[in-house]
A.B. asks: 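Would you mind keeping the following structure in view while I ask a few things?
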Amino acid sequence: MTAVAASPAIRRACEWIAGEQGGQSREPVTKLAMMAAQRFDLSPLEADFLLRLVHKAGGEGAEPVSSDI
C-alpha cells in the first residue's frame with residue numbers, strides 16, 4: 001500500500017463518496033470524487049489517486065469505493 005492510499009484523508013473521502021452513493025445521490029461518481037477532494041482538502045496527488053480509484057472501481061455505475069482501499 002502506498003503512502004497516498006494509507007492517507008486518512010483518502011479514507012474519509014472514500015467513506016463520504018460511499019455514503020453519498022448509498023444515499024442515492026444523483027451526482028456522477030466522478031463529480032463526487034472531485035467534491036470529496038475539495039471537501040477533505042486533498043493534495044493534487046491524493047485527488048489524482050482518488051479519481052483513479054473511482055475509475056478502477058468501475059466509474060459511473062460502480063459500487064462504493066471504500067472497500068477498494
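Excluded from the calculations below are hydrogen atoms, water molecules and symmetry mates; all remaining heavy atoms, backbone and side chain alike, are included. It should be emphasised that the depicted structure is a prediction, and the values quoted were computed from it without experimental measurement.
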A.B. asks: Answer whether the closest heavy-atom distance between the side chains of Arg11 and Cys14 falls below 4.5 Å.
C.D. replies: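 In short, these two side chains do not touch, never coming nearer than 4.5 Å.
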
A.B. asks: I'd like to know if the side chain of Glu15 and the backbone of Arg12 have a donor-acceptor N/O pair within less than 3.5 Å.
C.D. replies: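 Looks like no, no N/O pair under 3.5 Å.
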
A.B. asks: Between His55 and Thr30, is there a side-chain heavy-atom distance shorter than 4.5 Å?
C.D. replies: yes

A.B. asks: To the nearest 0.5 Å, how far apart are CG in Asp48 and OG in Ser43?
C.D. replies: 9.5 Å

A.B. asks: Rounded to the nearest 0.5 Å, how far apart are CH2 of Trp16 and CD of Gln21?
C.D. replies: 10.0 Å

A.B. asks: Could you check if a side-chain atom of Leu32 sits within less than 4.5 angstrom of a side-chain atom of Val54, using non-hydrogen atoms only?
C.D. replies: no

A.B. asks: How long is the gap from CG on Leu42 to CD1 on Ile10, to the nearest 0.5 Å?
C.D. replies: 5.0 Å

A.B. asks: For residues Ala33 and Ile17, report the shortest heavy-atom separation together with the two atoms involved.
C.D. replies: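 Closest approach of Ala33 to Ile17: CA-CD1, 3.7 Å.
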
A.B. asks: Name each donor-acceptor pair under 3.5 Å that joins a side chain in residues 34-41 to protein atoms two or more places apart or in another chain, with its distance.
C.D. replies:
none

